[in-house]
Amino acid sequence: MNKPTKRYWLVKSEPDVFSIQDLAAAPDQSTHWDGVRNYQARNTMRDDMKKGDLVLFYHSNAKPPGVAGIAQIARESYPDHTAFDQSDSHYDPKSRPDSPTWFMVDIQFVEAFQEILSLPELKQIPELADMVLLQKGSRLSVQPVTAAQFTLIRKLGRQTKNRSKN
DNA sequence: GCCAACGTTGGC
DNA sequence: GCCAACGTTGGC
């Protein structure tokens, strides 16, 4: 019996499309993470994400971009059915139900930070310099995070910067 | 809106 | 197998 290893991840979403507030408002506060069409990201979802793993929820293409909160893996990988749907914008004819190319997981809301921990702030933290997110040209939408990086970001995200600013 | 960086496709 | 062309990502 292998002892299950808890791992940590980061997923990106454009808040105009699906924000962490949308996740919190969803049925069961959960959703399937469909539409990923990058092989490296797929491999992470298909092979490595395990139920209960914690996930940083990152808002991309936002003002500002940054980590908005935390989710967890609620269901391990299964075929992404949107790839089979010709009317779906993520349709991919090379993925077939009997031999799927694309996979997804379910993620569930855990907590939203009161304020976004913004990308400029993340960049200023020396301990986070090795984050995949912060590497030049990095565009992976599903990526690993170390336990130390996760713990630090959660701590910073929970701190309120502008307390009682009335 | 711009554009750098990246991944994928397809001709050869 | 190479690589130019193209489409996408995502910060600014």
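Just so you know, these numbers use all the heavy atoms, side chains as well, and skip hydrogens, waters and symmetry mates. To find a chain, count down the sequence lines: A is the first, B the second, and so on, and within it residues start at 1.
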Check: Among Asn43(A), Asn38(A), Thr44(A), whose side-chain contact (heavy atoms from CB on, under 4.5 Å) with Val142(A) holds?
Finding: Thr44(A)
Check: Taking the side chain of Lys12(A) as heavy atoms from C-beta outward, which of dG11(C), dG10(C), dA5(B) is closest to it?
Finding: dG10(C)
Next item on the list: Rounded off to whole Å, could you give me the CD-to-C1' distance for the Gln40(A) and dA5(B) pair?
Entry: 14 Å
Check: Has Lys63(A) got a side-chain N or O lying under 4.0 Å from the OP1 or OP2 atom of dG10(C)?
Finding: no
Item checked: Value in whole Å for how far the C1' atom of dA4(B) lies from CZ of Arg139(A) -> 10 Å
Note to self: Measure CG/Asp92(A) against P/dT9(B) and give the value in whole Å, please.
What the structure shows: 8 Å
Check: Over how many whole Å does the gap from Gln143(A) atom CD to dT9(C) atom C1' extend?
Finding: 13 Å
Checklist line | Euclidean distance, atom CG of residue Leu133(A) to atom P of dT9(C) [Å, nearest integer] | finding: 16 Å
Next item on the list: Nearest whole angstrom, please: distance from the C1' of dT9(C) to the NE2 of His90(A).
Entry: 13 Å
Margin query: Within residues 53-62 of chain A, which residues have any heavy atom lying less than 4.0 Å from an atom of DNA chain C?
Written below: Tyr58(A), Ser60(A), Asn61(A)
Next item on the list: Indicate, with a heavy-atom threshold strictly under 4.0 Å, whether Lys94(A) touches base, sugar-phosphate, or nothing.
Entry: sugar-phosphate
Checklist line | Rounded distance in Å - CD (Glu14(A)) to P (dT9(C)) | finding: 8 Å
Notebook entry, point to check: When the distance from CD1 of Ile116(A) to P of dG11(C) is rounded to whole Å, what number comes out?
Noted result: 12 Å
Margin query: Closer than 3.5 angstrom, by distance alone: can the side chain of Gln108(A) be matched with the main-chain N or O of Asp28(A) as a donor-acceptor pair?
Written below: yes
